[in-house]
Amino acid sequence: MKSRICGTGSMLPNRVVTNDDLSKIMDTSDEWIRSRTGICSRHLAVEESLTELAAQASRKALEEAGVKPEELDMILAATLSADKLLPCLSCELQRELGAVNAVAFDINAACSGFMFALQTADMYIKSGQCQRILVVGGEILSKLMDWNDRSTCVLFGDGAGAAVVRADEEYGILSSVQGSDGAKGDALLCEGRRNNNPYVSNSTDLPYVSMNGQEVYKFAVRTVPKAILEALQKADLTVEDVDLFVLHQANIRIIESVSKRLKVPMEKFPSNLEECGNISAGSVPILLDYVNQRGMLHKGDKIVLAGFGAGLTWGASVLTW
Ligand code: COA
C-alpha cells in the first residue's frame, strides 16, 4: 500500500512586505537581501491566526481530494509557532474543519516538519491503521523574530500549506529518508518560556530566533543532496528519473548548490522564495500547492520532496504523483 497525495492547498497572509519596505524600518537593502537569498518579499500575518491560515489551506486540499472532513482518520500539523501552546494546532484544525473522526496531534521538526509529518502519515497508512490523513505545515514565524536582528528577520515569512494523503495501490510515496543531529542544535535556536514558579526569579525577556547563518548554510548544502540521493537509491531511481524537486525554500543559493551537486538543471527546482521567503514547516506544502495549481505535476511524474532545518533535522521523500 502507498500513500498518495490527492489534494493540496495553501494560504498566505494578505500583507505583503517587500525588501524595500524593510529597508525603511531597518538598516538593510533590497540589493543585500535579494543577492544573498533570492527573497524579494514575504507575507506577514497582521490579522490572521495560524489556525485560520491552516484551515483555509486544508479546505482547499480537502476539496481537491474530494474528501469530507469527517472522513479524515488523522490530522498531523507540523509547526513551531502554533497560536496556542495548548491545544495544539491539529486539534484547533479538527474543531475548525469538523473532522470529528480524526485523531489529531502536532509534530515539531522546524523546517523539516512537513516532511516528518508526511512520513509519519505514510507509516500510519502503510500499517493499515489510517486511510485518509490531512498533513499540514504552517507558521507565523514573524512573532518569533527579533525585528532588531536584520541578519535573521529578513529571511522568514508566514503562511500555511496542506496535503490530503490517502491509501492507494499504485501511486504515492516510494521511499523516505529522515535524520537529525541534535548536537548542532545551537545553529538555529529559539528558547521557550523560562521556568516560572514562586521559587524562580525570572526575567521577562521574550525569546526570539537566533541563527548562525553560515553554519546552517554549510549543513544544508552538505546534507540535502545526500538525503535526496539516499531516498532515490531506496526507490531504485536516479536523479534523471525525477521530474521535479520540491525543496524547502530557505535560500536560492542553497537550491542552486543542490542543483549543481546533483547535476540537475535549475528548471527542475521550482521556487516561490522570491514572494514567500522561508516559511519553515509551511515551505514545502506551499510550494507543492504552487506547482500543483499551475499544472506542473502530471499523473505518474516522479517528485522529490526535501526539507531541512533547526534541530538540526532533514528529510526527503520520493513519490509518484
Ligand atoms: N542587510 C544588510 N546587511 C546585512 C544584513 C541585512 N539584512 N544581514 C547581515 N548583514 C551584514 C552583516 O552584518 C555582515 O556585515 P559585516 O561584514 O560588516 O560584519 C555582512 O552583511 C555579511 O554577513 P554574512 O553573515 O557573512 O553574510 P552571508 O553571505 O553568510 O549571508 C545569510 C547571510 C544568512 C543570507 C546566509 O548565511 C544564509 O542564507 N544562511 C542560511 C540560513 C538559512 O537558510 N536558514 C534557515 C534554514 S532552515
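Every number for a ligand or one of its atoms is a count from 1 in the order of the listing.
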Residues at least two apart in sequence or cross-chain that pass ring-ring contact (aromatic ring centres under 6.0 Å, His included) with Phe219, listed by chain then number, are Trp314

Residue and atom name of the nearest protein heavy atom (relative to [atom]), distance in Å to one decimal:
atom	value
atom 29 (O) of ligand 1	Arg36 NE, 3.1 Å
atom 38 (C) of ligand 1	Asn251 ND2, 3.7 Å
atom 47 (C) of ligand 1	Val216 CG1, 3.4 Å
atom 4 (C) of ligand 1	Trp32 CE2, 3.3 Å
atom 40 (N) of ligand 1	Gly213 O, 2.9 Å
atom 6 (C) of ligand 1	Thr28 OG1, 3.3 Å

With a cut-off of 4.0 Å, which atoms of ligand 1 are near a heavy atom of [X]?
X	value
Cys111	48 (S)
Ala250	44 (O)
Val154	7 (N)
His248	48 (S)

Do any nitrogen or oxygen atoms of [X] come within less than 3.5 Å of a nitrogen or oxygen of ligand 1?
X	result
Gln214	yes
Leu155	no
Thr37	no
Asn278	no

Check: of Met26, Arg150, Met211, Gln249, min heavy-atom distance to atom 12 (C) of ligand 1 comes from Arg150

Tracing side-chain contacts under 4.5 Å among Ile, Leu, Val, Met, Phe, Trp and Tyr outward from Ile279 reaches Leu12, Ile286

Nearest heavy-atom approach of Ala54 to Leu93 is C-CD2, 3.7 Å

Closest non-hydrogen contact found for Leu141 with Ser81 is N-OG, 4.2 Å

- Ignoring hydrogens, tell whether any protein atom lies closer than 4.0 Å to atom 18 (O) of ligand 1; use the non-hydrogen atoms only. no

field: Arg253 heavy atom under 4.0 Å from ligand 1
entry: yes

Under 3.5 Å, is there a donor-acceptor pair linking the side chains of [X] and [Y]?
X	Y	answer
Ser283	Gln249	no
Ser90	Asp106	yes
Thr79	Glu139	yes

Short version for Ser151: what comes under 4.0 Å of ligand 1, heavy atoms counted, is both

Checking Asp122, Thr320, Asp168 against Arg4 for side-chain hydrogen bond (donor to acceptor under 3.5 Å, both in side chains), the one that qualifies is Asp168

